[in-house]
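Below is one structure, written out as structure tokens; comments come after it.
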Amino acid sequence: MAGFLLPPPLILLLSAALGSAAQEDQVNKRGKRIINGFPCPRGSRPWQVALLKGNQLHCGGVLVTEQWVLTAAHCRLSAYNVHMGSEQLGRGRKIRATKSFRRPGYSKQTYDNDFMLVKLNSRARLSPSVKKVNLPSPCEPPGTESTVSGWDTTTSPEATYPKELMCRTVTLISSEDCRKVYGDALGNSMLCAGNPDPTTNACSGDTGRPLVCRGNLQGLVSWGSFPCSQRNHPGVYTQVCKYINWNNDTMRKHR
């Protein structure tokens, strides 16, 4: 499973604070989780997909057209099985995908431009349980209440895996406030969201999963800190509203 990682400068800073090489290894290997979430209302996320490596959950994503899925660039594989149409993994449809297109300028070191399109080998059949996500027009402002969703573990550090899709409510945080935590590691195309109370904070699901605000896709889970639910350590997302032109141009070019 492709849990997100801290960019290297933050790995070094956090591992120094934690005080051991073993804890640094935890930072590298653990992904984000939806802590203290709730089962998503049935049918409320018909655009949600899971990118599977074989039958194993690899990353999350969202359906943007009948043949295209959005996810994080660092989730790239040579081939995927794309699950859709059910809140429970293994009970929906699967469509093979063997082509993916990373946003130019993606950096494995900084996670800048952590944005990727995956083209399905065959078109998804739209239905009440399989729909396209609404892409944003404006970027939502700080303070906007949003929801992040996914299938990853619901407890940290001990893993407890849900049987159904889990949701968590979070609030968008200004870049100025987020830079107080992450400094220069927060790029201009990144968006922060979380809650100040660590017992209810959204340690959002595995990478590529959607952050939806007012019915529109605003973010894709990219990276953050470990352990989950630390006070004042928000999750970091790729800010989708800044990539709409590239997204549309790429889909037209590779029809």
Side-chain angles (χ1 to χ4, degrees), residues 34 37-52 57-72 75 80-101 115-140 144-152 162-170 172 191 193 202 204-221 237-252 254-255:
I34 296 188
F38 55 89
C40 298
R42 188 170 298 279
S44 66
R45 300 254 173 317
W47 29 257
Q48 180 109 24
V49 307
L51 301 180
L52 309 179
L57 180 63
H58 178 66
C59 276
V62 287
L63 191 70
V64 292
T65 75
E66 291 89 336
Q67 203 162 8
W68 291 95
V69 165
L70 271 180
T71 188
C75 292
Y80 318 81
N81 290 319
V82 182
H83 161 94
M84 63 185 72
S86 175
E87 285 87 0
Q88 297 194 19
L89 288 176
R91 293 196 177 182
R93 310 173 194 174
K94 288 182 185 177
I95 298 179
R96 189 77 168 162
T98 53
K99 293 181 180 180
S100 54
F101 304 88
F115 191 84
M116 182 172 70
L117 276 163
V118 175
K119 186 176 183 181
L120 303 175
N121 289 4
S122 59
R123 291 180 177 272
R125 182 178 298 176
L126 300 183
S127 69
S129 62
V130 177
K131 295 182 180 180
K132 299 177 286 186
V133 73
N134 294 322
L135 294 176
S137 176
C139 299
E140 292 288 353
T144 302
E145 188 174 274
S146 308
T147 303
V148 61
S149 51
W151 284 278
D152 206 3
K163 294 182 180 179
E164 54 193 321
L165 187 66
M166 301 294 288
C167 286
R168 190 77 196 104
T169 301
V170 294
L172 301 189
L191 174 69
S204 318
D206 67 328
T207 46
R209 289 186 179 177
L211 178 75
V212 172
C213 312
R214 299 174 181 171
N216 299 310
L217 178 69
Q218 289 289 338
L220 298 168
V221 174
Y237 302 75
T238 301
Q239 193 169 17
V240 174
C241 60
K242 296 182 177 178
Y243 293 94
I244 297 302
N245 289 340
W246 179 85
N247 177 81
N248 293 339
D249 290 345
T250 302
M251 290 191 297
R252 281 194 295 265
H254 300 280
R255 288 178 180 173

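Position 1 is the first residue of the sequence; numbering continues from there.
The nearest pair of heavy atoms linking Trp151 to Ala50 is CZ3-CB, 3.7 Å. Here the shortest heavy-atom pairing between Ala97 and Lys119 reads CB-O, 3.5 Å. Contact detail for Leu126 and Glu66: the closest heavy-atom pair is CD1-OE2, 3.5 Å. Of all the heavy atoms in Gly92 and His83, the pair that sits closest is N-CE1, 3.6 Å. Val82 and Leu51 make their closest contact through CG2-CD2, 3.7 Å (heavy atoms, listed as atom of the first residue, atom of the second, distance). Nearest heavy-atom pair, Ser100 versus Tyr80, reported as atom, atom and distance to 0.1 Å: OG-OH, 3.4 Å.
Residues Cys213 and Glu145 fail the side-chain proximity criterion, which asks for heavy atoms closer than 4.5 Å. Within the 4.5 Å cutoff, the side chain of Cys40 has no heavy atoms near those of the Glu164 side chain. Between Val212 and Trp47, the closest side-chain pair of non-hydrogen atoms falls below 4.5 Å. Looking at heavy atoms from C-beta onward, Cys241 lies in side-chain contact with Gln218 at the 4.5 angstrom threshold. Counting heavy atoms from C-beta outward, Trp68 and Asn247 have side chains that stay 4.5 Å or more apart.
To the nearest 0.5 Å, atom CG of residue Leu63 and atom CD1 of residue Ile95 are 8.0 Å apart. Atom CD of Gln48 is separated from atom CG of Leu165 by 4.5 Å, given to the nearest 0.5 angstrom. Atom NZ of Lys99 and atom CG of Leu117 lie 13.5 Å apart (nearest 0.5 Å). Taken to the nearest 0.5 Å, the CG atom of Leu57 stands 12.0 Å off from the CG atom of Asn81.
In terms of modelled atom types and a separation under 3.5 Å, the side chain of Thr65 and the main chain of Gln67 share a donor-acceptor contact. In this structure, the side chain of Thr71 engages the main chain of Gly60 through a donor-acceptor pair within 3.5 Å.
Across Thr147, Leu220, Leu172, Val221, a single residue satisfies side chain to side chain contact (heavy atoms under 4.5 Å, CB included) together with Leu211, and that is Leu172.
Under the rule for a side-chain hydrogen bond (donor to acceptor under 3.5 Å, both in side chains), Arg125 has no partner lying at least two apart in sequence or in another chain.
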Which donor-acceptor pairs under 3.5 Å do the side chains of residues 128-138 make with protein atoms, sequence neighbours left out?
from	atom 1	to	atom 2	distance (Å)
Ser129	OG	Ser127	OG	3.2
Asn134	ND2	Gly215	O	3.2

Determine, stepwise, if the pair Glu140 / Ser146 fulfils side-chain hydrogen bond (donor to acceptor under 3.5 Å, both in side chains).
CA-CA 10 Å; Glu140 292 288 353; Ser146 308; over 6 Å; no

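Ring centroid separation for the pair His254 and Phe101 comes in under the 6.0 Å cut-off.
In summary, Glu87 and Arg42 engage in a salt bridge, as defined by a charged side-chain N under 4.0 Å from a carboxylate O.
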